[in-house]
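Note sheet for the following structure.
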Amino acid sequence: MSEADAPGPPAPPPTLVRSPLSDGEWHRMHPLTPLMRGGLFLLVIGGFVVANMRDRLMAVFVPWMLPDSPEDEIPDFGGGGDPIDFVIANNLYLVALLVVLAVLTVLVGGFYLSWRFHSFRITGDDVEVRRGILNRTQRRAPLDRVQGVNLTRPMIARLFGMAKLEVVGAGADANVKLEYLSTANAEAVRADILRLASGRQLGTSTADGARTPATSPVAALGQTVGRGVTGLIQGDEPEVDEPESVVHIPLGRLIASHVISPGTVWLLAALTAIIVGVVNSTPWLLVGFLPALIGFGVYWVRSITRSMRYAIAPTPDGVRITFGLLTTVTEIVPPGRVHAIEVSQSILWRPAGWWTVTVNRLSGSSSGDGNAEQFATVLPVGTRDDVEQVLRLLLPDLPESTWPEVFRHGILGPQADDPYTNTPGRARLLRPLSWRRNGVLTKPDVLLLRRGIVWRRLSILPLARLQSIGVSQGPLARALSVAGIRAHTITGRVSTSLGAIDRDAALGVFDDVESGVLAAAASDRTHRWAGEDSGHDQG
């Protein structure tokens, strides 16, 4: 049997999908994809060329619009080694125009071919993308390894009714990107991918299966632009069934949290140094610090706009996180995809009672991708109640009896009846400020690591996704009979190590975690979170 006659992967069951693009066949991206990927690049290059040739072009085509100037100050474009001078001197305007048209034709043809050879398909097992004209590549994301689905709506693409869909895979640089689809198709495909990955059987309600009536192209364009503008103003994602579980960040708190931050403190120190230097006749300080100040200001404003319109809410397919003012990113994290959680608080935020929540999860991006850092923060700034809501969304199966150890003792502790095993008094030299807070607690479902007094931190490690745990002891720790604990999970911003714990207590944590991991992993069903054998459908 030839390769062409070989049967392809099975198509998804019709009862599980609603989008016509999820039929197991190959489909191309949105026809305007070359415009978004290459047209904007051409516009930028054209604008750069025109800006640098402004005077020359005006002198050739509209000389009467140039300001009056002495004859000896008018530039001479008749000679020199400049290619444009050569074209003007030899009257080769037509040839130059033909060359420019030929280059544009080649570029447009390349963009078109890249669109023709860029396709995707969704089968019952994978999401596949193939692309490339000369060098062909094909990437596949198994549905049972999906770590999340991100839907990004860039500002310009949104006005054209387009969006980017990114299927987060399990591994470095393992994401599969569908760039671009129409917004409606992207939302439907996202729902189909999550439904196939979850194992849920889709109901046959007429609301889900209803088809919208066909409309004229002009009316469809008007609806697309109207939806894009409405999304910029009101947001893109629909409301959830449990509004009390939704967390939002007020704009005033978001701006204040950036003002009251270590970065701003360093910025004020730099400004003070500049002012003092200028006053003392040292202007070189201004030259040295000004680019850094401008860069920090751009980063400061960008970080605020990225976090604006933040919302986190529960959905049937996991936790939905939305953020961004002009470019909106919506990430759905299925259950069981978070490997570690950290709640932290700077001493500058302590009077306001603000906290931030970060996670370790497989982002599928390379280490140099800035989006991996962006997706690590699931709550940029929130109150204690916001933190509790976010943690309950990320850890829905955590027993109610464990929450006091998380909030009262872990985040706000230590309290009088502290259950954590802390650094013993004989080793306070190793943790002179935080030895009373530096502690560990093992529960049947999670490992809790508490540390820090200037910068409070609590790491929450679900045992079902813990890979291993180690106990280490250096010469000084051996002399003080203490040891360090390190839980091994995927790398990320969350710290998973704790030092200066009593040696015997550390060995006890090692044994407790070993047995707890085996029990938690045996009962974990979150990889197919909505299937018949998942823990969410039992009882």
Side-chain angles (χ1 to χ4, degrees), residues 10-25 27 29-30 120-129 141-153 157-158 161-169 175-212 224 227-228 231 235-242 245-246 311-322 328-337 364 375 393 526-532 534 536-537:
T15 57
L16 288 182
V17 295
R18 281 291 180 257
S19 172
L21 302 180
S22 306
D23 57 359
E25 302 296 330
H27 298 276
M29 303 298 172
H30 194 284
F120 74 96
R121 70 176 175 182
I122 300 173
T123 68
D125 301 317
D126 310 283
V127 179
E128 299 180 63
V129 173
L143 290 173
D144 59 352
R145 302 293 301 277
V146 169
Q147 304 296 310
V149 181
N150 305 331
L151 182 61
T152 304
R153 300 176 177 88
R158 177 188 297 179
M162 301 164 60
K164 296 190 295 185
L165 196 67
E166 184 174 14
V167 182
V168 180
N175 291 2
V176 171
K177 300 179 181 180
L178 309 183
E179 183 182 14
Y180 291 80
L181 301 175
S182 69
T183 303
N185 283 335
E187 292 172 348
V189 169
R190 176 183 66 178
D192 289 344
I193 292 174
L194 289 169
R195 192 177 298 118
L196 291 168
S198 70
R200 180 185 301 110
Q201 296 296 319
L202 180 65
T204 58
S205 62
T206 56
D208 289 340
R211 301 281 183 179
T212 56
T224 296
R227 176 178 176 178
D236 298 281
E237 293 296 334
E239 297 294 331
V240 297
D241 296 333
E242 304 176 60
S245 300
V246 180
I312 181 171
T315 68
D317 294 307
V319 179
R320 188 186 72 195
I321 306 171
T322 304
T328 303
V329 179
T330 300
E331 179 187 25
I332 294 183
V333 183
R337 268 54 177 182
F375 290 138
L393 291 177
T526 53
H527 60 291
R528 301 289 280 181
W529 63 91
E532 295 179 358
S534 68
H536 292 274
D537 289 339

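Residue indices begin at 1 and follow the sequence shown. Fair warning: this is a prediction, and the values are worked out from it, not measured in the lab.
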>> I'd like to know if the side chain of D126 reaches the main chain of E128, judged simply by a donor and an acceptor atom lying under 3.5 Å from each other, with no hydrogens or angles considered.
In response: no
>> Within this structure, what is the CZ-CD distance for the pair R121 and E25, rounded to the nearest 0.5 Å?
In response: 8.0 Å
>> On a heavy-atom basis, which atom in P314 and which in L393 lie closest, and how many Å separate them?
In response: CB-CD2, 3.6 Å
>> Do L143 and D125 make a side-chain contact, defined as non-hydrogen atoms from C-beta onward lying under 4.5 Å apart?
In response: no
> Any idea which heavy atoms bring S182 and N185 closest together, and the distance?
Replying inline: OG-ND2, 3.0 Å
> Which pair of heavy atoms, one from N175 and one from G169, lies closest together, and at what distance?
Replying inline: OD1-N, 3.2 Å
> So which heavy atom on G148 is nearest to which on P334, and how close?
Replying inline: CA-CD, 3.6 Å
> Are R337 and V168 side-chain neighbours, meaning at least one heavy-atom pair lies under 4.5 Å?
Replying inline: no
> Roughly how far apart are H30 NE2 and T183 OG1, rounded to 0.5 Å?
Replying inline: 8.0 Å
> Quick one: CD on Q147 to CD on E331, what's the gap to the nearest 0.5 Å?
Replying inline: 11.0 Å
>> Using side chain to side chain donor-acceptor pair (under 3.5 Å), reason through R158 and T328 one step at a time and then give a plain yes or no.
In response: CA-CA 9 Å; R158 177 188 297 179; T328 303; 2.4 Å; yes
> Can you find a pair of side-chain heavy atoms, one from M29 and one from L181, that are under 4.5 Å apart?
Replying inline: yes
> Any side-chain heavy-atom pair from F120 and L165 closer than 4.5 angstrom?
Replying inline: no
>> For I122 and L21: C-alpha separation, side-chain torsions, deciding distance, then whether side-chain contact (heavy atoms from CB on, under 4.5 Å) applies.
In response: CA-CA 7 Å; I122 300 173; L21 302 180; 5.7 Å; no
> What distance do R190 atom CZ and S22 atom OG have between them, rounded to the nearest 0.5 Å?
Replying inline: 13.0 Å
> When rounded to the nearest 0.5 angstrom, what is the spacing between CZ in R153 and OG1 in T330?
Replying inline: 4.5 Å
>> Can you tell me which residue among L178, L151, V167, V17 is in a side chain to side chain contact (heavy atoms under 4.5 Å, CB included) with V189?
In response: L178
> Where is the tightest heavy-atom contact between R195 and R18, given as atom of each residue plus distance?
Replying inline: NH1-N, 4.4 Å
>> So, taking the atom named OG1 in T315 and the one named CD1 in I332, what distance separates them when rounded to the nearest 0.5 Å?
In response: 4.5 Å
